Amino acid sequence: MNEHTTRGSTPQERRASRRYMWEIAAGAVGFLVTFLFLPELFPTEPGSPAAVVVALVPLVPVVWIAIALVRHVRRVDELQRGVIVLSLAIGFGAAMLISLAVVFLSTAGVVVPQPEWWVFIGGMAVWGVTIGVVSFRATR
């Protein structure tokens with residue numbers, strides 16, 4: 001945490017932020033480990049039921065992250081709740097714009113490799129930047 005996230009916050013709010021960061025970090029590590037290494041540890045035949053299970057296991061830590069986010073939103077005050085919801089809305093809007101751009105490019109004959117990753121990473125990146133900017137502005 002930096003000065004902007006702790007200035008004017010109570011010890012309870014700082015504990016809630018630390019807990020949220022640990023929960024998110026655990027989910028992110030779980031996602032990366034299952035996404036990157038599970039297919040290597042358990043090779044499967046493409047299209048088989050086992051392949052589907054291995055492909056979907058990384059969703060478990062993502063659900064963990066979503067639950068951690070909801071728990072955090074319930075613990076924070078109204079100002080922080082507004083910051084989080086606003087940044088989520090802007091990130092969602094960015095993801096929708098990116099998905100439309102991919103669709104429009106594909107109708108023009110442009111092949112966008114792995115478009116789902118562009119949508120996901122773009123939406124997450126905009127959410128992350130937005131929450132930082134909105135938090136900074138709210139604490140000035």
Side-chain angles (χ1 to χ4, degrees):
M1 284 188 288
N2 62 29
E3 175 186 326
H4 301 294
T5 59
T6 59
R7 185 179 355 153
S9 61
T10 66
Q12 181 180 355
E13 290 169 332
R14 287 192 294 275
R15 275 193 308 276
S17 291
R18 277 194 301 273
R19 171 183 250 161
Y20 172 66
M21 293 306 294
W22 278 108
E23 290 175 349
I24 293 295
V29 168
F31 170 76
L32 288 173
V33 167
T34 57
F35 177 72
L36 295 175
F37 300 117
L38 194 62
E40 298 297 322
L41 293 172
F42 298 102
T44 58
E45 185 69 33
S48 69
V52 172
V53 170
V54 168
L56 294 178
V57 165
L59 286 178
V60 173
V62 173
V63 170
W64 170 272
I65 291 171
I67 291 168
L69 178 61
V70 170
R71 287 169 33 104
H72 184 65
V73 168
R74 288 182 176 170
R75 286 191 295 252
V76 298
D77 64 16
E78 293 82 17
L79 174 64
Q80 282 301 309
R81 190 172 295 131
V83 166
I84 293 167
V85 170
L86 176 61
S87 63
L88 283 168
I90 292 170
F92 176 80
M96 294 304 95
L97 286 173
I98 294 166
S99 67
L100 283 174
V102 168
V103 168
F104 295 153
L105 288 170
S106 70
T107 61
V110 177
V111 176
V112 178
Q114 299 181 324
E116 62 280 1
W117 284 109
W118 287 99
V119 174
F120 177 74
I121 292 169
M124 292 297 286
V126 170
W127 173 37
V129 169
T130 302
I131 200 164
V133 170
V134 174
S135 292
F136 176 76
R137 292 182 70 198
T139 58
R140 289 190 322 160

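All figures in this text were calculated on a predicted structure; none of them were measured in a lab.
Using bins of under 30°, 30° to 60° and over 60° for the plane-to-plane angle, the ring pair Phe120/Trp117 lands in the perpendicular bin.
Partners of Ser87 by side chain to side chain donor-acceptor pair (under 3.5 Å), not counting sequence neighbours, listed by chain and number: Trp127.
The minimum heavy-atom distance between Trp118 and Val112, with the atom names listed, is CD1-CG1, 3.7 Å. For the residue pair Ala68 and Ile24, the shortest heavy atom distance occurs at CB-CD1, 4.2 Å. In plain terms, the two heavy atoms of Gly128 and Ile131 that are nearest each other are O-CG2, 3.2 Å. In terms of heavy-atom proximity, Thr34 sits nearest to Pro61 at OG1-CG, 4.0 Å. Between Val126 and Gly91, the closest heavy-atom pair is CG1-CA, 4.1 Å.
If you chain together hydrophobic residues whose side chains sit under 4.5 Å apart, Trp64 and Leu56 never meet in one group. Leu79 and Val134 are assigned to two separate hydrophobic clusters, defined by single-linkage of ILVMFWY side chains at heavy-atom distances under 4.5 Å. Note: the hydrophobic cluster containing Met124 also contains Val29 (ILVMFWY, side chain heavy atoms under 4.5 Å, direct or indirect links). In the hydrophobic clustering of this structure, Leu36 groups with Val62; members are Ile, Leu, Val, Met, Phe, Trp, Tyr whose side-chain heavy atoms approach within less than 4.5 Å, directly or through other members. In this structure, Leu86 is a member of the same hydrophobic cluster as Val73, with clusters built from ILVMFWY side-chain heavy atoms closer than 4.5 Å.
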Assess whether side chain to side chain contact (heavy atoms under 4.5 Å, CB included) is satisfied between Leu32 and Phe37, documenting all intermediate values. CA-CA 8 Å; Leu32 288 173; Phe37 300 117; over 6 Å; no

Before giving the answer on side chain to side chain contact (heavy atoms under 4.5 Å, CB included), spell out for Val53 and Thr44 the whole-Å C-alpha distance, their side-chain angles and the decisive distance to 0.1 Å. CA-CA 10 Å; Val53 170; Thr44 58; over 6 Å; no

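The list of ring-ring contact (aromatic ring centres under 6.0 Å, His included) pairs with a residue in residues 84-106, not counting sequence neighbours, is empty. Within the structure, salt bridge (charged side-chain N to carboxylate O under 4.0 Å, His left out) contacts touching residues 59-76 (residues at least two apart or in different chains) are Glu23-Arg71, Glu23-Arg75.
For the pair Val76/Val83, no side-chain contact is recorded, criterion being any heavy-atom separation below 4.5 Å from C-beta on. Between Ile84 and His72 the shortest side-chain heavy-atom distance falls below 4.5 Å. The side-chain heavy atoms of Ile67 and Val63, taken from C-beta on, include a pair separated by under 4.5 Å. Arg137 places a side-chain heavy atom less than 4.5 Å from the side chain of Val133.
When the shell of 6.0 Å around CD of Glu116 is examined, it contains more than 12 heavy atoms from other residues, nucleotides or ligands.
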